[in-house]
Each structure stands twice: as C-alpha cells, then as structure tokens.
There are 2 protein chains.
Amino acid sequence: MGRLKQFDPEAAVAAATDLFWRQGYGATTPADLVGALGIGKGSLYNTFDNKRALFGEALRHYGEARVAALVAVLNRPGPARARLQAALERLAAPETAHLRRRGCMGVNTVAELGGRDEAATAIVHSIFERMERALQAAIEEGQRNGELDAGRDARELASLLMTTILGMTVIAKMSDRTEQLHRVVHAVMSLI
Amino acid sequence: MGRLKQFDPEAAVAAATDLFWRQGYGATTPADLVGALGIGKGSLYNTFDNKRALFGEALRHYGEARVAALVAVLNRPGPARARLQAALERLAAPETAHLRRRGCMGVNTVAELGGRDEAATAIVHSIFERMERALQAAIEEGQRNGELDAGRDARELASLLMTTILGMTVIAKMSDRTEQLHRVVHAVMSLI
DNA sequence: CCAATTTTGTACCTTGAATTCAAGAATCCC
DNA sequence: GGGATTCTTGAATTCAAGGTACAAAATTGG
C-alpha cells in the first residue's frame, strides 16, 4: 500500500486558504505554501497537482465556510430584520476585525483573475449566488410575517444587500474604517 | 539641450493604464508594457523609474478620468434623482459593456495590493472619497429641492450609493449580467 | 557644422517562481 | 523478511520577470 501521508490534506487546504486569502493567487509562491503548510515541495505537488489546483480547493474551502457562516447568522432565532442586520453588521464587528483587511477572498479572486480564469470566476459566482439566495429567503420570511414591506421584490432586495456586502468588503480591505461600515449598514437597514 | 522625447509620456501613461486596468499590477510585465506603449525598454525605464512608479501614475490617471466622468454625469441638467440614477445606470449601460469585464481599477488594486502597498491603497481611497463627496452633493441638492427625503442623512446615503457602486463593479467583472445590475439600481433607486 | 546631451533598442544579468526528479523512508502484503 | 508501492525531502532544472549597461543614433544650442 505504500507509505501513508504524514500530514492532513484538509488541514493543508485550510492553511493554503489562509495564505491565498491574504496574499492572492499570484503573490503566493510555492515556497510560501511549503512554509505555511509545513510540508516539502514534493508532498505539495504530489498531493495537489499544482498551485492552481490547490488554489481551486482553497477557494472552494473558503466558499463553504463563508456561506455556512452567513446561513448560520440568517437562521438564528428572532425577527428576520434583526437577522439581516446582524448579517451585515458582522462585517464591521470587532470579532472580525483581524479578517477585515483581507477583504473577501471571492472579491479578491474576481478582481485578480476575473476574465482570465473562468473556472475560478465560476466558483466565486456560485458562492455569491448561494449567499444571495440565503438573503432572499430571510427577506421573504420577513415579508411574510410583516416585518418588511411585502410589496417589494425580494429578489431585488437580496441583490442589493449582496451588492452592498461586496462593496463593504472592498471598503474594509482599503482601511479599517468601522464607522463608515456601520453607516452603510444603518443606511440600508433604515431603507428596507 | 539634447534630443527630446520621441513619444508622448501622457499617451504612454494612458496606454499603461489600459494594460494595468485589464491585467492588474502583478500580471503585467515590462515586456507587456513595452509592447503596449510602443517604446523600448530604455525609454520606459528612463522616463518612468520602474514598474511600480508607472503603475502609480496609471492609477492616478485612472482616478482623474473616473472621478471626472462621475462628476460630469452628476452635473448634467435635470432633476437630481435622475442624475443619481444615471450615475448608477451607467455601470450597466451598453456603451460601457466593453469596460465592464475589467471591473474598477480601484477595486482591483485594493483587492490585489491592499494591505501590502499603502501608497496605492491611499490613491484609491482618495478616488473613492471624491466620488462619494460628489454623490453626497447631488443627494443634498435633491433634498433641498424636495426630490429626496430631507430627513435622511445625506452622508449615509452617499456611503450606501458608493458601496453599491463598488459592489456592482465586482458583479460586472464576474460575468456580464446586465439584468442583475439593473435590478440593483432599481432596488436602490426605489428605496431612496 | 560641432559638441554636448539625450534617446533608443539590444544584449545581458540576477533573482526567484514553478515544477520535476532522484534517492531514501515508511507501509502493506505475502 | 523481501518486494512492491507510495510518500517525503531537498536539490536540480527551466524559464521568465525586472532591471541595468552600453553603444549607436539623433537632436539641439552655439
């Protein structure tokens, strides 16, 4: 059967995600990865075909975690409006402060690879789509129980919230201006 | 006095902007630049100190053009609300279709260099700030003449619109879904 | 026209990125 | 335990990025 792996591939993907998220695809070198994953180059290329393939797994890994986190917030008990607000507010919360300057790995990927790597773009697209659907579900729930104006198009509102979230991650990555983020959240929440 | 330059440095910066905008900083090589600017390496490094310096000029060039374009739309005659809508709608308009998949060079730069190149980040920051101020001015105008609810915080609304614009450029770069962009515009314009 | 000065393109250099490979080590099966 | 197999390690390889040096050519003031 041969020698068995001396490391956990899933943990390696998680570590790679961390690096790619912070540095982007192009700026992350195999040497960086070897250092962060704590394995040799041979193991790296033996387990993951190449840098691009590992990046794909990292991006997927990132997406699952982020979508799950958003869904978790949106599924908490309480009024739908508060849950939507919490989903936005999370982007400006103190507990995510250390992540803020990384921006969103999906946005980063689209910005860096958009138009040149359709596969990566497609992964990000599906991440954003799932997030938007989760937002829409919460909005529709709020409309059903009268918290939100049922006359509005839930899909439209979900698109707006998703767009707002994306814009907020850009602002967050640019400089840690928490107040500005809160201002955006307040603006949109007082409108819907 | 010696020989004078055989090319127009401003035109060269414009060409470099085009390249950097499409490919990003890291993915653009000196060879690419030499090809696009139509000059030799000697002239390139003689006129612009290095790749990073040229990128800085390109980013500035981009910012001036974009801010001016936004201000131009916002200063057109007619009701303030229509002008704000036009500013957003422009991002989904047919005449900007060929630019859409490039995304916003500011967003691209923040995504790629944010946290690693404070100077570049600062330039982008100032671009976005000027845009947001222009939006705020138009909003305040709309509030003064009764088109927009004067009870709302204009600064907050401007932040929201700016954030929406940033998010829209991300969506646009990901895939040319014009309808989704229109949906976002409609959503935000029907709320304010 | 001459000298000074600058441009220009090519050739060259250095560094590091991305990947491959050879040799050794661990594992299982018989 | 021997052999087949798969993993690990780190050195070797390849290639291009980013920039420098240089010599030839061109332009201007005097």
Side-chain angles (χ1 to χ4, degrees), chain A residues 1-59 105 108-109 111-113 115-120, chain B residues 1-59 108-109 111-113 115-117 119-120:
Chain A
M1 253 293 170
R3 184 176 179 175
L4 23 63
K5 268 193 219 308
Q6 305 293 296
F7 65 96
D8 176 10
E10 278 212 56
V13 169
T17 303
D18 211 67
L19 249 195
F20 281 128
W21 187 0
R22 276 181 294 160
Q23 308 190 342
Y25 176 71
T28 300
T29 72
D32 289 339
L33 289 166
V34 162
L37 309 204
I39 62 179
K41 273 188 187 170
S43 304
L44 179 68
Y45 280 89
N46 183 42
T47 306
F48 313 100
D49 284 355
N50 50 43
K51 188 178 136 178
R52 177 59 186 76
L54 175 55
F55 180 74
E57 298 214 32
L59 191 53
M105 186 175 171
N108 296 351
T109 298
E112 180 181 359
L113 268 24
R116 277 182 299 149
D117 186 330
E118 291 306 324
Chain B
M1 250 299 168
R3 182 178 182 178
L4 24 62
K5 269 193 221 308
Q6 302 298 293
F7 65 95
D8 177 8
E10 278 212 56
V13 169
T17 303
D18 211 69
L19 248 195
F20 281 129
W21 188 358
R22 275 181 294 161
Q23 308 190 344
Y25 177 70
T28 301
T29 73
D32 289 339
L33 289 166
V34 162
L37 309 205
I39 62 178
K41 261 193 188 177
S43 305
L44 180 67
Y45 280 91
N46 182 39
T47 306
F48 312 101
D49 283 355
N50 51 41
K51 187 179 135 177
R52 177 61 185 74
L54 176 54
F55 179 74
E57 297 214 33
L59 191 53
N108 296 351
T109 299
E112 180 181 0
L113 268 22
R116 276 182 299 149
D117 187 329

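Owing to the predicted nature of the structure, the values given are computational and were not obtained by experimental measurement. Reminder, nothing fancy here: chain letters follow the sequence lines and each chain counts from 1. The basis for the numbers below is simple: all heavy atoms, side chains too, and nothing from hydrogens, waters or symmetry mates.
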A:Leu19 CG to C:dA17 P, straight-line distance once rounded to whole Å: 13 Å
Distance in angstrom units between B:Leu54 CG and D:dG18 P, rounded: 12 Å
Which atom of A:Glu112 lies closest to which atom of A:Gly26, heavy atoms considered: OE2-N, 2.7 Å
Integer-rounded Å distance: D:dG19 C1' and B:Arg52 CZ: 17 Å
Shortest non-hydrogen contact from B:Asn108 toward B:Trp21: ND2-O, 3.6 Å
Any A:Ser43 side-chain N or O less than 4.0 Å from OP1/OP2 of D:dC7: no
The single option from B:Asp117, B:Thr109, B:Leu113 passing side-chain contact (heavy atoms from CB on, under 4.5 Å) against B:Tyr25: B:Leu113
Check nucleotides 27-30 of chain C against the protein and report each pair of N or O atoms closer than 3.5 Å, with its distance, or say if there are none.
from: C:dT27; atom 1: O2; to: A:Gly2; atom 2: N; distance (Å): 3.3

Rounded distance (nearest 0.5 Å) linking atom CG of B:Asn50 with atom CZ of B:Phe55: 12.5 Å
From B:Leu37, B:Asp32, B:Thr29, residue fulfilling side-chain contact (heavy atoms from CB on, under 4.5 Å) relative to B:Leu19: B:Asp32
Spacing of A:Asn50 atom CG relative to C:dT20 atom P, expressed in whole Å: 8 Å
Nearest-Å distance for atom pair CG/P, residues A:Leu44 and C:dT20: 11 Å
Listed nucleotide nearest any side-chain atom of A:Tyr45, set D:dG18, D:dT9, C:dT19: C:dT19
Length of the NZ-C1' vector between A:Lys51 and C:dA17, whole Å: 8 Å
Residues touching DNA chain C, which here means a heavy atom under 4.0 Å, drawn from residues 22-41 of chain B: B:Ile39, B:Gly40, B:Lys41
Nearest-angstrom distance from the residue atom CG of B:Asp49 to P of D:dG18: 16 Å
Sugar-phosphate only, base, or nothing, as touched by B:Phe48 at under 4.0 Å among non-hydrogen atoms: nothing
Taking every non-hydrogen atom, the tightest pair across B:Leu44 and B:Pro30: CD2-O, 4.4 Å
Nearest non-hydrogen partners of A:Ala12 and A:Phe48, listed with the distance: CB-CZ, 4.1 Å
Whole-Å gap separating C1' (C:dC21) and CG (A:Asn46): 12 Å
Shortest non-hydrogen contact from B:Arg116 toward A:Ala27: NH1-CB, 3.2 Å
Minimal non-hydrogen separation, B:Thr28 against B:Gly24, with atom names: OG1-O, 2.7 Å
